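Below is one structure; the comments refer to it alone.
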Number of protein chains: 4
Amino acid sequence: MLQLDLRSPVPIYDQIKAGLRGLVARGILRPGDAAPSIRSLAAQLKVNPNTVARAFRELTLEGFLESRRGDGSLIAEGAARHAKDGLSEVRAGLKDALLRARRAGLAWGDVDSLVRESRKEEA
Amino acid sequence: MLQLDLRSPVPIYDQIKAGLRGLVARGILRPGDAAPSIRSLAAQLKVNPNTVARAFRELTLEGFLESRRGDGSLIAEGAARHAKDGLSEVRAGLKDALLRARRAGLAWGDVDSLVRESRKEEA
Amino acid sequence: MLQLDLRSPVPIYDQIKAGLRGLVARGILRPGDAAPSIRSLAAQLKVNPNTVARAFRELTLEGFLESRRGDGSLIAEGAARHAKDGLSEVRAGLKDALLRARRAGLAWGDVDSLVRESRKEEA
Amino acid sequence: MLQLDLRSPVPIYDQIKAGLRGLVARGILRPGDAAPSIRSLAAQLKVNPNTVARAFRELTLEGFLESRRGDGSLIAEGAARHAKDGLSEVRAGLKDALLRARRAGLAWGDVDSLVRESRKEEA
DNA sequence: GTGGTCTAGACCACC
DNA sequence: GTGGTCTAGACCACG
């Protein structure tokens, strides 16, 4: 349901944040649904609960989650929009990668073919 | 001539390395040309000279630069190939970013528009 | 009749307790009156009945409520005094909040305008 | 320079955040100044560095601090405005306290006299 | 059971 | 030296 790449330089808590937003963006979780509990998600991902807690805390501050004391968290009402036109961190990451690639001398043509290639592999 | 993103999680010295390789990949600097001096580059980028020095040191070890005792560095003969190798790393990084973005729920259409947007901003 | 702020760090059962005391302090409920039933209040506040039950339990222990086996609770005779005692607690809390706000750099003028603002919003 | 109340129900990291904003609001620290290092502040406050780090992290996300990798943090340019018209958390806390006080039955007149009283004591 | 805070200590990368 | 991430484990309050 949610996958991590522990080798990635991207912080685990960021991957968790992106993953949850992805579940909403793809319609697997919907506003009003209960989010998995911090502890259960931590166990499932084999990660320290604090790490998951940090992701949840930030998502709550951002208004993507609502935490109910002693009764778990749920996907906030605005989460769908948040996940959709938001995805801001992911977009920022991609844009950053694009920018660096350009600065490193990658031509736009190369970028285009790389995108096409990835698209093909996925299908 | 060379731009940094101080907020990026990518190390500054890595950005400098990639930037110099990019200048060669784009033909702005050529093998045999003088590289900017560490001090002047540091001043221009408003960065600690140590940071630039580290980038130069590593580029020299990699054979991309040649240092002339007391007389700065110059772009090595094999620099063009090095710049190309750098490009494959960059491609790999971009591809990875794309994968994560997709996992996070970003649609291909979003990717396309993001690319268009970056292209536009650059122009 | 009784309003909660689910986002507040203040426990819900405490808000309920304070709210009931407030209703008495303001003369809306009087000693001898029937208190709302736990279930109806829980439904109205969209809160777990356990939470309301806890508030009632504590209020009963404090002598603010009297429970009639199988017939709900009623406002105790001494409730008015209890409500007044509650007020001093509230005052202390407010004073503390003021102190912290001042330490944090809030000017007295800001405090004044904040009070005016709250007053306005309430009306 | 910065005082904590470990007995307060207000989280330490929140007190630290408020304290730093207060130092800027009062002009003791200015935009561009170096903020104390996480470790030194932790030592001075006799608190775990992680706790200070959390405060710093949030302040950075909010744009009040800028962190320079390996070179400490500094007060961001927008910090003064942030601290001044912001102070948002403190104001929110005060407003919350006011709201609860009102719901608990405290009259506006009581609020006013309480404010006057605090003001007098401080002077 | 839940989320939240805090401590302690390790490790990393950067300057 | 700096900030950042992660783990481990304790404790608290709430539902």
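Naming: A, B, ... by sequence-line order, numbering from 1 per chain. Everything numeric here is computed off the predicted structure, so don't read it as measured data.
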Check: Crowded around C:Arg39 CZ? As in, over 12 foreign heavy atoms under 6.0 Å?
Finding: no
Note to self: Treating D:Asp33 as the side-chain partner and D:Arg30 as the backbone partner, does any N or O pair qualify as donor plus acceptor under 3.5 Å?
What the structure shows: yes
Note to self: As a test of reading the structure: which of E:dT2, F:dC6, E:dC15 is closest to the side chain of A:Ser37, going by heavy atoms?
What the structure shows: E:dT2
Item checked: Interatomic distance where CG belongs to D:Asp14 and C1' belongs to E:dC6 [whole Å] -> 13 Å
Margin query: Between C1' on E:dT5 and CZ on A:Phe56, what's the gap in Å once rounded to a whole number?
Written below: 17 Å
Next item on the list: Would you indicate what D:Thr60 reaches in the nucleic acid, counting non-hydrogen atoms under 4.0 angstrom: base, sugar-phosphate, or nothing?
Entry: nothing
Notebook entry, point to check: Does F:dT5 have OP1 or OP2 sitting under 4.0 Å from an N or O in the side chain of A:Arg54?
Noted result: yes
Next item on the list: In whole angstrom, give the distance that lies between atom CZ of A:Arg7 and atom P of E:dC12.
Entry: 16 Å
Checklist line | Atom-to-atom span, CG of D:Asp71 to C1' of F:dG4 - whole angstrom | finding: 15 Å
Next item on the list: Find which nucleotide of DNA chain E each of B:Tyr13 and D:Lys46 is nearest to by heavy atoms, and output the residue with the more 5' nucleotide.
Entry: D:Lys46
Note to self: Rounded to whole Å, how long is the line connecting atom CG of A:Leu74 with atom P of E:dG3?
What the structure shows: 11 Å
Next item on the list: Assign each of A:Leu6 and C:Ile12 to its nearest nucleotide of DNA chain F by heavy atoms, then name whichever residue's nucleotide is nearer the 5' end.
Entry: A:Leu6
Checklist line | Rounded interatomic separation in angstrom, taking CG from A:Leu41 and P from E:dG3 | finding: 10 Å
Notebook entry, point to check: Is there a donor-acceptor pair under 3.5 Å between the side chain of A:Gln15 and the backbone N or O of A:Val10?
Noted result: yes
Next item on the list: Taking all heavy atoms of B:Ala42 and all of B:Asn48, pick out the closest pair and write down the distance.
Entry: CB-C, 4.4 Å
Note to self: Rounded to whole Å, how long is the line connecting atom CG of D:Leu61 with atom C1' of F:dG4?
What the structure shows: 12 Å
Next item on the list: May I ask you to say what B:Val47 touches in the nucleic acid, namely base, sugar-phosphate or nothing, with a heavy-atom cut-off under 4.0 Å?
Entry: nothing
Check: Does A:Thr51 place a side-chain N or O at less than 4.0 Å from the phosphate oxygens OP1/OP2 of F:dT7?
Finding: yes
Next item on the list: Tell me which nucleotide among E:dC6, F:dG15, F:dT5 gets nearest to the side chain of A:Arg69.
Entry: F:dG15
Check: Any N or O donor-acceptor pair linking the side chain of D:Arg39 to the base of F:dG3 at under 3.5 Å?
Finding: yes
Note to self: Need to verify one output field. Residue with the more 5' nearest nucleotide on DNA chain F, A:Asn50 or D:Ile38?
What the structure shows: D:Ile38
Next item on the list: Specify the separation, in whole Å, of atom CG of B:Asn48 and atom C1' of E:dA13.
Entry: 15 Å
Notebook entry, point to check: What do you reckon, is CZ of B:Arg103 surrounded by more than 12 foreign heavy atoms closer than 6.0 Å?
Noted result: yes
